[in-house]
**Q** 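One structure, pasted below without further comment.
Not measured: the values here are computed from a predicted model. As a basis for the values below, the full set of heavy atoms in this structure was taken, side chains included, without hydrogen atoms, waters or symmetry mates.
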Amino acid sequence: MEPVYEPLKHEQKIYELWEKGGFFTGKIDKEKKPFSVILPLPNANDPMHMGHALFTIQDILCRYHRMLGDSVLWLPGSDHAGIETQFVFEKKLSKEGKSRFDFDRNTLFKMIWDFVEENREINIEQMKKLGFSLDWTRYHYSLEPEILKQIFDTFRKLHKEGLVYRGERLVNYCTFCGTAFSDLEVDHVERDDFLYYLDYGSLQIATTRPETIFADVAVAVNPEDKKYENLIGKKAIVPLINKEIPIIADSAVEKGFGTGALKITPAHDPVDFEIGKRHNLPVFSVIDLNGKMINVPNEIEGLYPKQARNKTTELLEKEGKLLKKEPLRHTVGICYRCKNLIEPLLMPQWFVKTKPLAAEAIEAVKKGKTKIFPPRFKKVYLDWMENIIDWNISRQIIWGPQIPAWYCLDCNQEIKINFLDKNGKLVSGIYKNLKENYPFEEIKNGLQSLTAPVEASYVTEENKSCPSCQGSRLLQETDTFDTWFLSGQWPLTTLGFNVKDPEKSAPDFKYFYPTSVMDTLWDILFFWVGRMMMFGLYLAEEVPFKLVHIHARVVDKFGQKMSKSKGNVVDPILMTEKYGADALRMSLVYGIAPASDIVVSEEKIKAMRNFANKVWNIGRFIKGSIDESGLSDKEKIPSFSKDMAGLSKEDREIVKDLEETIKKVTDLIEKYHFGLAAETIYEFIWHRFADQYIEYSKERVKNKDLAVFSVLRHVYLSSLKLLHPFMPFITESLWQIFSEDKESLTVSSWPKVQ
RNA sequence: GGCCGAUUAGCUCAGUUGGUCAGAGCGUCCGGUUUACAUCCGGAAGGCCGGGGGUUCGAGACCCUCAUCGGCCACCA
């Protein structure tokens with residue numbers, strides 16, 4: 001044994017040993033208790049970061065349960081990660097001076113596919129480096145045909161049961177990403193803007209968005225507002241275009257704010273949209289999907305809203321309609337991905353009715369069928385579920401499964417189409433205007449995107465001909481599913497659930513579902529955990545997991561979340577190469593309170609590396625002593641038992657302390673206090689066993705005292721077992737040297753108190 | 001506006017149900033090396049556990065309140 005433990009010399013070999021032994025392959029064994037965990041699927045194009053390294057917690061649980069004798073399955077996979085991946089890919093394209101609009105959707109899809117394939121393998125290798133005991137034989141990728149088939153069936157089931165519908169709504173649209181988002185994907189930031197007071201004839205209004213006055217359809221005041229009592233039902237005049245609009249009363253208007261009169265612009269503001277609906281007001285848009293002004297005075301037409309604002313206020317000022325302008329700090333929605341302003345725009349989208357799904361997800365948690373740890377997150381979960389709104393599942397991106405809906409062009413001639421013609425030139429227009437000049441095949445082959453009117457008819461199965469007109473010119477919806485629509489069904493699809501006929505689900509599903517633990521970061525509690533709960537209960541009538549374990553978030557030394565854009569990412573793989581995977585893993589759990597932030601510091605990783613070395617050297621001492629004594633023949637060193645002859649007071653004490661440690665660590669793991677569990681083992685091995693007992697034992701080792709060798713070996717092997725879930729590589733390396741049972745520490749039994 | 005965290009040694013943080021809980025790592029200081037480990041061993045300095053009030057025989061730990069920092073949710077034009 002070398003005097004200093006060198007992780008790089010051992011880790012790869014050890015992982016190969018595990019893989020060769022098939023120890024991580026989940027087995028359906030009716031005699032055993034299943035313990036299953038689904039890995040939160042990393043993005044296929046994402047290099048590993050500290051968040052992935054935190055899968056250590058799941059590995060601890062899996063290894064612990066494997067040693068308890070449960071039938072463990074930890075199922076890995078990776079996600080195509082729709083918008084994330086397309087965003088990264090588009091950045092790459094733009095570096096090459098290209099954009100997505102240079103390609104038809106099929107070509108673009110293939111390009112991204114290849115791009116992702118290059119990175120997918122890397123991810124897998126990295127997780128092996130961290131020692132994760134994942135069942136690679138059950139690895140899944142989110143775009144596998146079988147996974148897609150199931151989610152399409154889910155869509156059809158939802159559709160058939162009236163839980164999915166198309167609706168024309170004000171949606172969160174990012175004109176830079178070119179897609180709508182669900183409300184969860186909108187970030188809110190505080191910004192300094194101005195509140196403009198404008199003359200609307202009979203009254204004055206205050207607005208932060210003067211460029212949208214052209215889309216005004218009313219002015220609303222609070223019904224209780226004495227100031228405006230007499231004006232309700234009268235008219236106001238939109239300046240610049242001198243449009244007459246009604247003055248209405250709505251309690252959503254706050255009396256004290258601005259002038260107390262609110263211009264109603266249903267097409268570009270969510271509150272206004274709701275008010276408009278209540279009063280049956282028309283909806284009129286002045287910003288298009290490219291984020292440019294339309295249906296406005298010539299000077300403003302074609303400008304971006306920001307430019308349009310300046311121009312509009314300039315014109316207003318000239319006409320004396322801009323009364324004053326005061327600074328205002330307010331919150332605005334920005335795209336979580338590109339950080340540009342979100343435009344609420346009116347457009348048809350696909351929605352899932354979430355209320356009925358959420359009702360079951362609420363009840364399941366309330367009844368404790370799924371528990372949430374730490375418990376305080378239960379309230380967060382319930383608050384969200386109880387206030388859930390319909391879920392926009394359509395995205396105007398191409399990287400993802402297309403929604404299985406087909407429109408007949410002959411029945412829906414108003415469909416808007418963007419495509420590349422046979423010369424590669426981008427053509428946009430309404431089908432009825434295009435059909436004279438372009439054959440259907442040309443449109444279909446060069447198709448980039450289509451937008452069907454909200455009332456357009458469609459079918460959800462791919463037919464050769466239209467069921468109503470028998471025509472054969474059908475185009476599939478170009479919107480793709482929100483990534484979470486797919487990953488929300490991950491525990492079902494990866495285990496082989498059959499949506500159409502649950503009875504025909506795979507044996508894996510029947511044995512391993514519901515899974516035992518879902519360990520994840522709180523920031524995807526709604527995105528993912530919530531959706532998995534809804535889908536699991538809706539499709540399989542059973543919760544997807546019995547426990548949601550919310551783990552900590554890794555932050556830098558300033559307490560900031562690590563992200564590529566901030567440039568503060570600490571590379572776990574680099575740390576692994578420098579100090580070993582065990583050291584990194586231990587540093588991520590040691591002394592960490594449940595769900596509190598983890599500050600990663602190289603110092604701490606180094607300290608854990610030192611601990612690994614201590615564990616190694618204890619082994620080196622014991623092995624050296626045994627070899628030197630000439631007792632290496634195991635016949636001569638009796639295996640330990642409490643009533644063996646020659647035990648000293650110190651022997652009995654260390655064994656008693658070992659047993660207390662076993663009890664305590666087991667208890668702490670059961671309660672998910674991994675931080676304390678790690679500390680307890682560390683403390684025992686280093687400061688109790690090494691510093692005290694081993695120092696004491698040296699005298700007796702010299703005298704070749706058989707009992708002391710038994711105790712040393714017994715305490716050491718038990719310690720390796722306790723430490724194994726946390727530091728699997730080094731403990732396995734040592735186990736291979738010391739244990740008579742050479743199979744693997746991975747499948748040895750968790751120590752028990754006699 | 002609603003909700004949730006955090007505030008403990010110079011730094012970063014533990015302290016699970018109230019009673020050797022005033023701790024760890026790093027840093028600092030003193031001492032130690034003829035072979036398990038200097039990625040080590042022994043020892044030391046350093047905190048009235050954010051302020052105030054309360055419950056209790058007893059409180060970092062429970063309750064109230066205030067302050068500061070951070071986060072989440074929410075339609076303030």
**Q** Is A:Lys366 salt-bridged to A:Glu386, cutoff N-O under 4.0 Å?
**A**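 Yes, charged N to carboxylate O under 4.0 Å.
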**Q** Under a 3.5 Å cutoff, is there a donor and acceptor pairing between the side chains of A:Glu653 and A:Tyr693?
**A**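 Looking only at side-chain atoms, A:Tyr693 and A:Glu653 do not form any donor-acceptor pair under 3.5 Å.
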**Q** Side chain to side chain contact (heavy atoms under 4.5 Å, CB included) with A:Thr680: which residues, sequence neighbours excluded?
**A**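 By the side chain to side chain contact (heavy atoms under 4.5 Å, CB included) rule, A:Thr680 matches A:Thr661, A:Lys664, A:Val665, A:Leu668.
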**Q** Could you list the residues that satisfy side chain to side chain contact (heavy atoms under 4.5 Å, CB included) with A:Phe526, not counting sequence neighbours?
**A**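 Result, side chain to side chain contact (heavy atoms under 4.5 Å, CB included) vs A:Phe526: A:Leu184, A:Val380, A:Trp384.
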**Q** Going by ring pair (Phe, Tyr, Trp, His ring centres under 6.0 Å), name the pairs with one or both residues in residues 193-226 of chain A, residues two or more places apart or in two chains.
**A**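 Those involving residues 193-226 of chain A do not exist here.
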**Q** Under 4.0 Å, counting only non-hydrogen atoms across every strand here, what does A:Ser596 touch: a base, just sugar-phosphate, or nothing?
**A**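 Answer is sugar-phosphate: A:Ser596 comes under 4.0 Å of backbone atoms only.
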**Q** Within the structure shown, what part of the strands sits under 4.0 Å from A:Arg609 by heavy-atom distance: base, sugar-phosphate, or nothing?
**A**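 Counting heavy atoms under 4.0 Å across all strands, the contact made by A:Arg609 includes a base.
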**Q** How far apart are the closest heavy atoms of A:Glu211 and A:Val286, and which atoms are they?
**A**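 That closest heavy-atom pairing would be O-CG2, 4.4 Å.
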**Q** Considering only residues two or more places apart or on different chains, which pairs with a residue in residues 665-684 of chain A satisfy ring pair (Phe, Tyr, Trp, His ring centres under 6.0 Å)?
**A**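 Qualifying pairs, neighbours excluded: A:Phe373-A:Tyr672, A:His549-A:Tyr672, A:His549-A:Phe674, A:Tyr590-A:Tyr682, A:Phe611-A:Tyr682, A:Tyr682-A:Trp686.
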**Q** Give me, pair by pair, the N or O atoms of the protein and of nucleotides 73-77 of chain B that are less than 3.5 Å apart, along with how far apart they are.
**A**
{"unit_1": "B:C76", "atom_1": "O2", "unit_2": "A:Glu254", "atom_2": "OE1", "d": "2.3"}
{"unit_1": "B:C76", "atom_1": "O2", "unit_2": "A:Glu254", "atom_2": "OE2", "d": "3.4"}
{"unit_1": "B:A77", "atom_1": "OP1", "unit_2": "A:His330", "atom_2": "ND1", "d": "3.1"}
{"unit_1": "B:A77", "atom_1": "O5'", "unit_2": "A:His330", "atom_2": "ND1", "d": "3.4"}
{"unit_1": "B:A77", "atom_1": "N6", "unit_2": "A:Glu254", "atom_2": "O", "d": "2.7"}
{"unit_1": "B:A77", "atom_1": "N6", "unit_2": "A:Phe257", "atom_2": "O", "d": "2.9"}
{"unit_1": "B:A77", "atom_1": "N1", "unit_2": "A:Glu254", "atom_2": "N", "d": "3.1"}

**Q** Does a side-chain N-to-carboxylate-O contact under 4.0 Å join A:Asp187 and A:Lys339?
**A**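 So A:Asp187 pairs with A:Lys339 through a salt bridge.
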**Q** Does the side chain of A:Ser182 pick up a donor-acceptor pair with the side chain of A:Asn392 at under 3.5 Å?
**A**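 A:Asn392 and A:Ser182 do not have a side-chain donor-acceptor pair below 3.5 Å.
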**Q** Any donor and acceptor pair, going by atom type alone, linking the side chain of A:Lys604 with main-chain N or O of A:Ser587 inside 3.5 Å?
**A**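 At least one qualifying donor-acceptor pair exists.
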**Q** Go through RNA chain B and write down every stem, that is, every run of at least three consecutive Watson-Crick or G-U wobble pairs with distances under 3.5 Å, as range with range.
**A**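 Expected stems, ordered by start: B:1-7 with B:67-73, B:10-13 with B:23-26, B:28-32 with B:40-44, B:50-54 with B:62-66.
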**Q** What's A:Lys606 touching, base or sugar-phosphate or nothing? Going by heavy atoms closer than 4.0 Å.
**A**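 It contacts nothing in the nucleic acid.
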**Q** Give the residues of residues 385-392 of chain A touching RNA chain B, defined as any heavy atom closer than 4.0 Å, sorted by residue number.
**A**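 Of all residues in residues 385-392 of chain A, none places a heavy atom under 4.0 Å from RNA chain B.
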**Q** Who passes ring pair (Phe, Tyr, Trp, His ring centres under 6.0 Å) against A:Phe181, sequence neighbours left out?
**A**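 In terms of ring pair (Phe, Tyr, Trp, His ring centres under 6.0 Å), with neighbours along the sequence ignored, A:Phe181 is linked to A:Tyr336.
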**Q** Between the side chain of A:Asn617 and the main-chain N/O of A:Arg620, is any donor-acceptor distance below 3.5 Å?
**A**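 Flag not set: sc A:Asn617 to bb A:Arg620 has no pair under 3.5 Å.
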**Q** Nucleotides 6-11 of chain B: which of its N/O atoms have a protein N/O under 3.5 Å away?
**A**
none

**Q** Syn if the chi torsion is within 90° of 0, anti otherwise; quick check, which is B:G25?
**A**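 What B:G25 shows is an anti base, its glycosidic angle lying more than 90° from 0.
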**Q** Would you call the rings of A:Trp750 and A:Tyr64 parallel, tilted or perpendicular if under 30° counts as parallel and over 60° as perpendicular?
**A**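 If you compare the ring of A:Trp750 with that of A:Tyr64, the planes turn out perpendicular.
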**Q** Where do N or O atoms of nucleotides 34-38 of chain B meet protein N or O atoms at under 3.5 Å, pair by pair?
**A**
{"unit_1": "B:A36", "atom_1": "O3'", "unit_2": "A:Arg620", "atom_2": "NH1", "d": "3.0"}
{"unit_1": "B:A36", "atom_1": "O2'", "unit_2": "A:Asn617", "atom_2": "OD1", "d": "2.3"}
{"unit_1": "B:A36", "atom_1": "O2'", "unit_2": "A:Arg620", "atom_2": "NH1", "d": "2.8"}
{"unit_1": "B:A36", "atom_1": "N7", "unit_2": "A:Lys698", "atom_2": "NZ", "d": "3.2"}
{"unit_1": "B:A36", "atom_1": "N6", "unit_2": "A:Glu695", "atom_2": "OE2", "d": "2.7"}
{"unit_1": "B:A36", "atom_1": "N3", "unit_2": "A:Asn617", "atom_2": "O", "d": "3.0"}
{"unit_1": "B:C37", "atom_1": "O4'", "unit_2": "A:Asn617", "atom_2": "OD1", "d": "2.8"}
{"unit_1": "B:C37", "atom_1": "O4'", "unit_2": "A:Asn617", "atom_2": "ND2", "d": "3.2"}
{"unit_1": "B:C37", "atom_1": "O2'", "unit_2": "A:Asn613", "atom_2": "ND2", "d": "3.0"}
{"unit_1": "B:C37", "atom_1": "O2", "unit_2": "A:Lys614", "atom_2": "NZ", "d": "2.8"}
{"unit_1": "B:C37", "atom_1": "N3", "unit_2": "A:Lys614", "atom_2": "NZ", "d": "2.9"}

**Q** Give each protein N/O atom lying under 3.5 Å from an N/O atom of nucleotides 15-24 of chain B, with the pair distance.
**A**
{"unit_1": "B:A24", "atom_1": "O2'", "unit_2": "A:Tyr590", "atom_2": "OH", "d": "3.1"}

**Q** Could I get the full list of side chain to side chain contact (heavy atoms under 4.5 Å, CB included) partners for A:Val186, not counting sequence neighbours?
**A**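 With neighbours one apart ignored, the set is A:Asn172, A:His188, A:Ile342.
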